[in-house]
There are 2 protein chains.
Amino acid sequence: MEQNSRLEAASLTPGTVRPGGRTAKVRAAVLEATQEALIEGGFHALNLDRVAARAGVGKTTVYRRWGSAAGLVADLLRDMAEQSVPAADTGSLEGDLLANARLVHRTLTDPRMGPVFQAVIAAAACDEECARALNGFYATRIRAWAPCVERAAGRGDVPVGTDAGEVVRAVSAPLYYRFAVSREPLHEADAVRAAAVAVTAAKAGSFTRN
Amino acid sequence: MEQNSRLEAASLTPGTVRPGGRTAKVRAAVLEATQEALIEGGFHALNLDRVAARAGVGKTTVYRRWGSAAGLVADLLRDMAEQSVPAADTGSLEGDLLANARLVHRTLTDPRMGPVFQAVIAAAACDEECARALNGFYATRIRAWAPCVERAAGRGDVPVGTDAGEVVRAVSAPLYYRFAVSREPLHEADAVRAAAVAVTAAKAGSFTRN
DNA sequence: TTCCAAACGGGAATTCTGTTCCATTAGATG
DNA sequence: CATCTAATGGAACAGAATTCCCGTTTGGAA
């Protein structure tokens, strides 16, 4: 019985019974190689065979543990979600949301991070598991930045009942829209405007619940 | 010389020398089949072979004229950009932007159009030609809706110098952000809020140029 | 109406992607 | 430190995607 369950666990998700040492090294190398491949060729060009070669790992291992291009990206997203970046606390809603807008702008225009985000958005559009992973990634980020708005509500800068998450989303949305949807170039001014619009609307009570 | 240029044109872009009759029928059938395939399986599962079969067309033709999955989507996008939908004119900025927000919401949640937009966003993230085509599609839509904001400026509802395009983008952005980036469910309330936020910020002058 | 070549279509040949088998390596447990 | 087996890696294999070849159809100009 006990032996059976161990066998079952192993056959279902390789890499979970012996997570230490080699297995962890392999995962790190594969995710690193995946990210490099996404930067160079995007999601469509992601190839398990080449990822394995670049990671210096047998391709059988990659096929067994991740199964598909989408599986690789989903795992990369889970890895990315764990690396938290601290939210700002400048003392004013304007300052905090501007810091957020600049961070998003800097990330999306970064020559390495930009292509990675293009790729994970594409992967999420192609695969349900990736979509859930991407959703989790942003849920984490939104939760991390919501306190900025809650502090502003505490100071009386925005109405009580303001949906903090919605305000945070409103800052990112115009930047991601240009980046992934309308495919227009992103400028610093877009980040400044996004923050300003969110602050104005929040103070006017456009984000209150109900 | 003349014969040479004709030959060259034919070898470069099949379907441009004799665009009438059969060629046009084949294109229509292939783009229709492409859309159906995207609805069913998304961009990642788009297969030139199956598209050809579904369109009732030789697969050689599809490979020759479109070359790749990205080529098919890019042409589909050019076709979609040509089909214009008229913008609203309700007499108020609130009414016009709410109509726009509802239209976007309805489109993205439509069981057929939703998957198509997921697919073209994914394709644009994978391929430069698709990215340009998608950019052209939204440039057309934004241009079509900008007059709503310009009329509001004429009425004195928003400051002179308000960037009409930016206001229109601001309405779509939160909806597309949920749809394609954070992958959260879209509700009617999101559309209403998006329109309200854009109106509030526009009236406050957050979208003025310079 | 006639003619020419653009565009198409079917099938073979090729290339590339993904899968399976089995021997080898190395965590974990006592 | 000995043992057991999870996890890995190389190689052969199977299957799908793409290209090539060449005959057929058809749009459009004379």
Side-chain angles (χ1 to χ4, degrees), chain A residues 1-31 33-34 37 41-73 75 126-127, chain B residues 1-31 33-34 37 41-73 75 126-127:
Chain A
M1 197 58 160
E2 182 197 54
Q3 199 166 12
N4 187 21
S5 71
R6 290 178 77 188
L7 205 73
E8 201 180 318
S11 67
L12 282 174
T13 48
T16 54
V17 178
R18 283 182 183 174
R22 179 167 60 166
T23 296
K25 268 203 180 70
V26 166
R27 178 173 183 240
V30 167
L31 292 188
T34 299
F43 177 65
H44 195 60
L46 191 63
N47 180 267
L48 302 218
D49 214 329
R50 278 190 288 270
V51 166
R54 188 196 287 258
V57 157
K59 69 174 178 174
T60 311
T61 300
V62 178
Y63 278 103
R64 192 166 29 216
R65 277 184 64 179
W66 289 277
S68 67
L72 276 174
V73 174
D75 199 32
C126 295
D127 177 81
Chain B
M1 196 61 157
E2 181 198 51
Q3 200 168 11
N4 186 19
S5 71
R6 291 179 75 188
L7 204 73
E8 202 180 317
S11 66
L12 283 174
T13 49
T16 54
V17 178
R18 282 181 181 175
R22 180 169 59 165
T23 296
K25 269 204 178 69
V26 166
R27 179 175 182 238
V30 168
L31 292 188
T34 299
F43 177 65
H44 196 59
L46 191 62
N47 181 268
L48 303 217
D49 214 330
R50 279 190 287 270
V51 166
R54 187 195 288 257
V57 155
K59 65 178 171 175
T60 312
T61 300
V62 177
Y63 278 103
R64 197 165 27 213
R65 274 184 69 180
W66 289 277
S68 67
L72 276 174
V73 174
D75 200 31
C126 296
D127 176 81

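We name chains A, B, ... by the order of the sequence lines, and we start the count at 1 in each one.
Of all non-hydrogen atoms in Arg50(B) and Ala45(B), the two that sit nearest each other are NH2-O, 3.7 Å. Here the closest non-hydrogen pair linking Ala55(A) and Ala29(A) is CB-O, 3.5 Å. Closest of all the heavy-atom pairs between Asp49(A) and Asn47(A) is CB-OD1, 2.9 Å.
By the side-chain contact (heavy atoms from CB on, under 4.5 Å) test, Ala69(A) pairs with Phe43(A), Leu46(A), Leu48(A), sequence neighbours left out. Every side chain to side chain donor-acceptor pair (under 3.5 Å) that Asp75(A) has, sequence neighbours left out, goes to Arg27(A), Trp66(A). Listed by chain and residue number, Val26(A), Val57(A), Arg64(A), Arg65(A) satisfy the side-chain contact (heavy atoms from CB on, under 4.5 Å) test with Thr61(A) (two or more places apart in sequence, or in another chain).
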Under-3.5 Å N/O pairs linking protein and nucleotides 11-14 of chain C:
residue, atom, partner, partner atom, Å
dG11(C), O6, Thr60(B), OG1, 3.4

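Interface residues of residues 45-53 of chain B facing DNA chain D, ordered by number: Asn47(B), Asp49(B), Arg50(B); criterion, heavy-atom separation under 4.0 Å.
Rounded to an integer number of Å, the gap from CH2 of Trp66(B) to C1' of dC8(C) is 11 Å. Between the CZ atom of Arg64(A) and the P atom of dT8(D) there is a distance of 7 Å, rounded to whole Å. Here dA16(D) presents its C1' atom at 9 Å from OH of Tyr63(B), a figure rounded to the nearest Å. The distance between atom NZ of Lys25(B) and atom C1' of dT26(D), rounded to the nearest whole Å, is 12 Å.
Put simply, Thr61(B) has a side-chain N or O that comes within less than 4.0 Å of OP1 or OP2 on dG9(C).
Screening residues 51-60 of chain B for side-chain hydrogen bond (donor to acceptor under 3.5 Å, both in side chains), with sequence neighbours left out, gives Glu40(B)-Arg54(B).
Comparing the helix axis at one end of the helix from dT1(C)-dA30(D) to dG30(C)-dC1(D) with that at the other, each defined from 5 consecutive pairs, gives an inter-axis angle of 50° (nearest 10°).
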